[in-house]
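The structure under discussion appears below in the form of structure tokens.
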Amino acid sequence: MSVMGKTAEAVPTGTREYLTFRLDQEEYGIDILKVQEIRGYEPPTRIANAPNFIKGVVNLRGTIVPIVDMRLKFNCAQADYNSFTVVIILNLRNRVVGIVVDSVSDVMELTPESIRSAPDIESAIDNSCILGLGSVGERMLILLDIEKLMSGVDMGLATADE
């Protein structure tokens, strides 16, 4: 009961679309409205003294975009860069940031009935950044509040309004 009470207000209302992507063996979903574009991975310019999961920055049509490797952020066993590795460019509160993921799967439409509250367990992801678990057939998606995740204190990404 307490798990439902804790996250019930965070579970989105109405049917929403999520971009799904893979990190290691897990599949995640983020609100499609936060996605600006999807690009192939190209090595960014490294920034001195940045956390190891911030790979550096790229110049995206005149905008300097920090690149966060989600595989390193979530402590995945491997972070191999291959032809499937992509960067999802996000637009979060007028800030552009890129996240490196293993691969992008598809866009899925989820109803509130197909989203369950996430269990309250220790993980590499702060529980307040998990909206819930979405299920479609045999697939289970970890739905992320990507805006909250990218604005965490440990991210080291400063914004003008903070």
If you look at every heavy atom in [X] and [Y], which pair is closest and at what distance?
{"X": "N52", "Y": "L72", "value": "O-CD1, 3.5 Å"}
{"X": "I30", "Y": "L144", "value": "CG2-CB, 4.1 Å"}
{"X": "T15", "Y": "P112", "value": "N-CD, 4.2 Å"}
{"X": "L110", "Y": "L141", "value": "CD1-CD1, 4.2 Å"}

I'd like to know if the side chain of [X] and the backbone of [Y] have a donor-acceptor N/O pair within less than 3.5 Å.
{"X": "T20", "Y": "D106", "answer": "yes"}
{"X": "D145", "Y": "L131", "answer": "no"}
{"X": "R46", "Y": "V57", "answer": "no"}
{"X": "R139", "Y": "G134", "answer": "no"}

Is there a side-chain contact between I115 and Y18 (heavy atoms, below 4.5 Å)?
-> yes
Return the [atom1] to [atom2] distance between [X] and [Y], rounded to the nearest 0.5 Å.
{"X": "S114", "Y": "R16", "atom1": "OG", "atom2": "CZ", "result": "12.5 Å"}
{"X": "M70", "Y": "F53", "atom1": "CE", "atom2": "CZ", "result": "9.5 Å"}
{"X": "E37", "Y": "I89", "atom1": "CD", "atom2": "CD1", "result": "5.5 Å"}
{"X": "R95", "Y": "S151", "atom1": "CZ", "atom2": "OG", "result": "6.5 Å"}
{"X": "I38", "Y": "L90", "atom1": "CD1", "atom2": "CG", "result": "9.5 Å"}
{"X": "L23", "Y": "N75", "atom1": "CG", "atom2": "CG", "result": "11.5 Å"}

Residues L143, L133; criterion side chain to side chain contact (heavy atoms under 4.5 Å, CB included); working and verdict | CA-CA 6 Å; L143 303 176; L133 300 175; over 6 Å; no
Assigning hydrophobic clusters by single linkage (Ile, Leu, Val, Met, Phe, Trp, Tyr; side-chain heavy-atom cutoff under 4.5 Å), is [X] placed with [Y]?
{"X": "I142", "Y": "M150", "value": "yes"}
{"X": "L92", "Y": "L60", "value": "no"}
{"X": "V96", "Y": "I88", "value": "no"}
{"X": "F84", "Y": "V101", "value": "no"}
{"X": "I146", "Y": "V104", "value": "yes"}

If the plane angle is over 60° it's perpendicular, under 30° parallel, otherwise tilted; pick one for F74 and Y28.
-> tilted
Please report the C-alpha distance between I99 and K73 in whole Å, then the side-chain angles of each, then the deciding distance to 0.1 Å, and finally whether the side chain to side chain contact (heavy atoms under 4.5 Å, CB included) criterion is met.
-> CA-CA 10 Å; I99 59 173; K73 173 78 176 134; over 6 Å; no
Hey, mind stepping through K55 and V87 against side chain to side chain contact (heavy atoms under 4.5 Å, CB included) and telling me if it holds?
-> CA-CA 11 Å; K55 299 304 291 179; V87 176; over 6 Å; no
Report, as yes or no, whether the 6.0 Å neighbourhood of atom CG on N94 holds more than 12 heavy atoms from other residues, nucleotides or ligands.
-> no
Do you see a donor-acceptor pair shorter than 3.5 Å between the side chains of D69 and Y81?
-> yes
Tested for side-chain contact (heavy atoms from CB on, under 4.5 Å) against P44, the lone hit among V65, V58, V100, N59 is V58
